[in-house]
Structure formats: C-alpha cells, structure tokens
Undergrad: 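Encoded as structure tokens, here's the structure I'll be asking about.
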Number of protein chains: 2
Amino acid sequence: MARTGRPREFDKDQALERALLLFWSRGFGATSVQDLVEALALERGSLYGAFGDKRSFYLAAVRLYWETYERQLVTALEAGPVLPALREVLANPARAQEYASDVGVPQGCMIGNATAELVPQDAEAREIVARAHARFIQIVATGLRRAQADGEVSRDATPEAQAQLLLFTVQGLSLVSRAGLDTASALAAVDALIDALRA
Amino acid sequence: MARTGRPREFDKDQALERALLLFWSRGFGATSVQDLVEALALERGSLYGAFGDKRSFYLAAVRLYWETYERQLVTALEAGPVLPALREVLANPARAQEYASDVGVPQGCMIGNATAELVPQDAEAREIVARAHARFIQIVATGLRRAQADGEVSRDATPEAQAQLLLFTVQGLSLVSRAGLDTASALAAVDALIDALRA
DNA sequence: CGACTTTTTGACCGCATGCACAAAAGGCCG
DNA sequence: CGGCCTTTTGTGCATGCGGTCAAAAAGTCG
C-alpha cells in the first residue's frame with residue numbers, strides 16, 4: 001500500500017524529541033501550537049499532518065518519554081546491588097537542571113506532569129500514566145525480590161509494597177523539586193528511605 | 001474612608017470555597033472563567049471586581065486550601081502518638097473520592113496540582129508552594145522530634161530528613177492517585193513507610 | 001431627599017487558539 | 001517521461017478565551 005509520495009523533509013523522530021523537551025518544560029496547556037511550529041522549524045500543516053492534533057502529539061511525547069525512562073530503569077536495576085541503583089533513581093530528580101536544554105529547563109517527571117494536567121479529564125492520558133505506574137512497580141519489585149533473596153533488602157514488607165512506596169517517593173520528589181529544593185536535604189531524605197529498605 | 005457603597009450580594013468566602021472545589025478538580029487551565037461564572041452563579045464583572053483576574057483568584061484558592069490543610073495537620077499531630085496520625089495523613093489521599101462534590105471529584109493535593117501546572121512559570125505560585133512545603137516539613141519534623149524523644153520513632157535519621165521523606169510520599173501518593181490507585185496496595189506501601197519510621 | 005460610593009449587569013473586544021483546506025512541489029514507479 | 005501519491009506551504013476561519021467598560025441599581029449618610 002501507499003505507492004510512496006513526496007518524502008517528509010524533516011526527521012519525525014527528531015521533531016518528536018524536540019517537542020518532548022518543549023512539552024516537558026512547559027506542560028501541555030502552556031505550550032502553544034505556535035511555540036511548537038517555531039521550535040521545530042516546520043509549518044503548522046506539516047505538524048498536523050505528521051502527528052495529528054496537539055493532544056495526540058503530546059501523548060506521543062509522553063509515550064516516548066516513558067519508553068526512554070523505562071529502558072534506563074531496567075538497565076540500572078538488572079545487574080549489581082539494587083539499593084545503590086534505586087538510590088540513584090531517586091537522587092536523579094533531586095539534582096536539578098541536569099537535562100537543561102535551550103528551550104527551557106525541563107523539570108520533574110513528565111509522567112507526573114501529565115498526571116496533574118491531563119489525567120483528570122483525559123481517559124487516554126490516564127491509561128498511559130497508569131500503565132507507566134504499573135510497569136515501574138513491576139520492574140522495581142522484580143529487582144527488590146532478587147535483592148530480598150540476596151539478603152540485601154529487608155523482608156519486612158513485600159517487594160510490591162516497597163516498589164509502590166518508591167513510586168510515590170520518586171513522583172513526589174520530582175514534583176516537589178519543581179518548586180525548588182535543597183539538594184542536600186532531599187538527598188538526606190532519599191538516604192533515609194534507602195536505609196530503611198536495607199536488610 | 002470609603003463612605004460605603006452598594007453591598008455585595010454574594011458571600012465572598014463561600015464563592016472562594018466553591019471556586020476552590022472547581023480549581024481543585026479541574027486545575028487552573030481547564031477551568032474557564034465561564035465555568036466559574038456558572039458554578040458561582042454570579043456575573044463576570046462581579047467576579048473580576050471581587051477577586052481580580054483568574055490567576056489571582058486561583059492563587060487565593062490555593063492559599064485557602066493550604067490554610068485549611070495546615071490547620072488539620074497541626075491538629076492531627078499536636079496530641080497523642082505521632083505515627084498513627086502520620087499514617088492517617090498518608091492514608092487520606094490513598095482513599096479516593098472522599099471529598100466528592102457536585103462539580104466533580106477533586107483529586108490529589110491542590111498544592112501538588114499547582115506545583116505541576118503553574119510553578120514553572122509563575123514566581124508567586126512558586127513562593128506559595130515553597131512556603132507550604134517548608135511549613136509541612138516544619139510541622140511534621142516538630143512532631144517527629146517529640147516522637148523520637150518519646151522513643152516512638154527511630155533515630156536512624158533526623159526528623160527533618162524523615163519529614164522531607166514524608167512530604168515526598170504524600171505528594172507522590174496524591175499525584176499517583178489521580179491516575180487511579182489500588183487502595184489496598186497504596187495502604188500497604190504507607191504501612192511499610194510508617195513501620196520503617198518506628199523505633 | 002439627594003449626593004456619593006460600590007456592586008451588578010450584560011454586552012463587548014481583541015486575541016490566540018486549534019484546525020481545515022487548496023494549491024504547489026517532490027520523488028517513485030511503470 | 002508522465003501519472004500518481006504524499007507532503008509541504010501558507011492562508012483562512014470559527015471558536016472560545018481572559019478581560020474591560022459603561023450604565024443601572026442599591027445601599028449609606030449628611
């Protein structure tokens with residue numbers, strides 16, 4: 001099908017990545033189509049043709065964000081001791097401004113941002129977010145189960161409960177960090193949690 | 001000053017409370033001035049006259065939300081054992097839909113919602129949110145300090161670090177709950193944290 | 001009663017938004 | 001080379017938004 005036509009002149013993946021940065025730093029509502037058009041250096045019509053409407057575009061960016069995050073999470077947890085890796089997962093958002101970009105400084109977890117802004121009134125967004133949450137818990141719980149077996153992590157709670165707690169903490173940390181955060185205090189809190197998980 | 005004029009026909013405090021529910025459930029961007037006009041049953045001009053523009057109105061609602069929350073928090077922590085009170089503070093957002101209202105179901109912590117939606121680009125909002133965070137930590141740390149002295153709470157971490165961790169958890173829990181939450185799992189996670197704080 | 005102040009009312013405005021469309025252009029395949 | 005399919009380009013449009021304003025109304029006080 002599709003005898004092929006005029007080839008796309010821009011790189012769709014790259015455009016999505018740039019849009020991701022914009023949406024990440026400003027949020028859905030505060031990013032106008034005009035902003036996107038200027039940041040991606042393409043015409044209004046091309047954007048709609050390639051990605052559908054603004055909402056679909058945003059959701060695609062959120063999906064890409066999660067895919068990337070999930071890949072990193074799996075990699076970080078699959079080998080070696082689990083607690084240091086988890087400490088890193090939590091410490092990351094505590095150290096602000098590392099993903100600085102020219103279009104502004106993305107802050108917080110984009111899944112969390114999407115949760116706050118779109119989830120209440122958008123079923124599709126809710127599904128994406130809920131799936132991300134479930135996957136996070138699943139991945140982390142798998143790591144914790146192994147760590148419990150290795151005697152690295154306390155068995156006072158189930159791996160699922162511990163993973164759920166870690167999800168809350170990551171999301172809360174990312175969110176709170178948007179309002180400014182004393183890095184040292186945040187890291188102290190992270191350490192308190194990691195220590196509490198230790199066997 | 002002010003020889004008095006035509007008296008206001010609506011209850012300003014009550015209007016602010018209703019607006020709080022609307023803003024809480026829909027967020028800032030998704031609540032139009034028209035929505036407010038209809039929900040509060042007053043005319044556009046009256047609204048602007050009484051509260052200034054939409055943003056000021058929203059910030060006033062956020063301030064009211066925090067005042068109410070802070071009062072409850074202080075009350076809950078000032079007497080009796082601290083851990084059960086903290087457990088309740090965390091369990092509250094885990095049990096969804098308790099603040100149901102006719103205008104929709106407010107979800108999550110409004111401070112958290114404001115953080116995600118406005119803080120990146122609004123200095124005044126950032127200040128309100130940051131102050132709320134600081135107050136939360138201060139209040140909770142005070143309770144924890146007493147509880148550590150009483151031997152109720154572990155001294156493995158400073159009360160400040162523990163309070164900071166609790167802030168992250170509450171915020172994360174409130175946020176995640178917007179996407180739907182299995183109450184039992186959430187409570188298990190809360191219990192895991194509370195147990196970890198126990199001496 | 002009448003001057004004065006404030007609120008109410010409802011129409012109104014400019015603007016930015018998301019989106020549609022028609023014409024032109026570009027590359028593939030027969 | 002010529003038909004075909006798709007993307008590009010840029011204009012155009014309706015809608016809904018936040019916000020303003022002037023006149024009418026409702027109290028207060030001298």
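Throughout, protein chains are lettered first and strands after them, A, B, ... in sequence-line order, and every chain is numbered starting at 1.
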Undergrad: Rounded to whole angstrom units, what separation is found between the CZ atom of B/Phe23 and the C1' atom of D/dG18?
TA: 12 Å

Undergrad: For the side chain of B/Tyr48, counting heavy atoms from C-beta on, which of C/dG18, D/dT20, D/dA26 is nearest?
TA: D/dT20

Undergrad: Between B/Met110 and B/Tyr58, does the side-chain contact (heavy atoms from CB on, under 4.5 Å) criterion hold? Intermediate values first, please.
TA: CA-CA 11 Å; B/Met110 198 181 181; B/Tyr58 179 78; 3.9 Å; yes

Undergrad: Taking the minimum atom-to-atom distance to the side chain of B/Gln34, which one of D/dC17, D/dA26, C/dC19 wins?
TA: D/dC17

Undergrad: Given atom CZ of B/Arg55 and atom C1' of D/dG19, what is their separation to the nearest angstrom?
TA: 15 Å

Undergrad: Do B/Gln34 and B/Glu38 have side-chain atoms, one donor and one acceptor, less than 3.5 Å apart?
TA: yes

Undergrad: Output the rounded distance in Å from CG (B/Asp11) to P (C/dT8).
TA: 12 Å

Undergrad: Taking the side chain of B/Asp53 as heavy atoms from C-beta outward, which of D/dG27, C/dG18, D/dG19 is closest to it?
TA: D/dG19

Undergrad: Does A/Leu173 belong to the same Ile/Leu/Val/Met/Phe/Trp/Tyr cluster as B/Leu175, with side-chain heavy atoms less than 4.5 Å apart forming each link?
TA: no

Undergrad: Could you tell me how far apart A/Leu47 (CG) and C/dG18 (P) are, to the nearest whole angstrom?
TA: 10 Å

Undergrad: Whole Å only: how far is the NZ atom of B/Lys54 from the P atom of D/dT20?
TA: 14 Å

Undergrad: Counting side-chain heavy atoms from CB outward, which of D/dG19, D/dC17, D/dG10 is closest to A/Glu43?
TA: D/dG10

Undergrad: Measure from NZ on B/Lys12 to C1' on C/dT6 and round the result to the nearest Å.
TA: 13 Å

Undergrad: Atom CZ of A/Phe51 and atom P of D/dT7: how far apart are they, to the nearest Å?
TA: 12 Å

Undergrad: Considering every strand and a 4.0 Å limit on heavy-atom distances, what is the contact class for B/Gly45: base, sugar-phosphate, or nothing?
TA: base

Undergrad: Determine the contact category for A/Ser56: base if any of its heavy atoms lies under 4.0 Å from a base atom, sugar-phosphate if only primed atoms, P, OP1 or OP2 are that close, otherwise nothing.
TA: nothing

Undergrad: Ignoring hydrogens and angles, answer whether the base of D/dG19 and the side-chain atoms of B/Arg44 contain a donor-acceptor pair closer than 3.5 Å.
TA: yes

Undergrad: Contact class for A/Phe57 (heavy atom, under 4.0 Å): base, sugar-phosphate, or nothing?
TA: nothing

Undergrad: Closer to the 5' end of DNA chain D via nearest nucleotide, is it B/Pro7 or B/Thr31?
TA: B/Thr31

Undergrad: According to a hydrophobic-cluster definition based on side-chain heavy atoms being under 4.5 Å apart (Ile, Leu, Val, Met, Phe, Trp, Tyr only), do A/Leu187 and B/Leu167 belong together?
TA: no

Undergrad: Check this one for me: any side-chain N or O of B/Ser46 less than 4.0 Å away from OP1 or OP2 of C/dT7?
TA: no

Undergrad: Tell me whether A/Lys54 forms a cation-pi arrangement with A/Phe23, defined as NZ or CZ under 6.0 Å from the six-membered ring centre and within 45 degrees of its axis.
TA: no

Undergrad: If only side-chain N and O atoms of A/Ser32 are considered, is one of them under 4.0 Å from the OP1 or OP2 phosphate oxygen of C/dA16?
TA: no

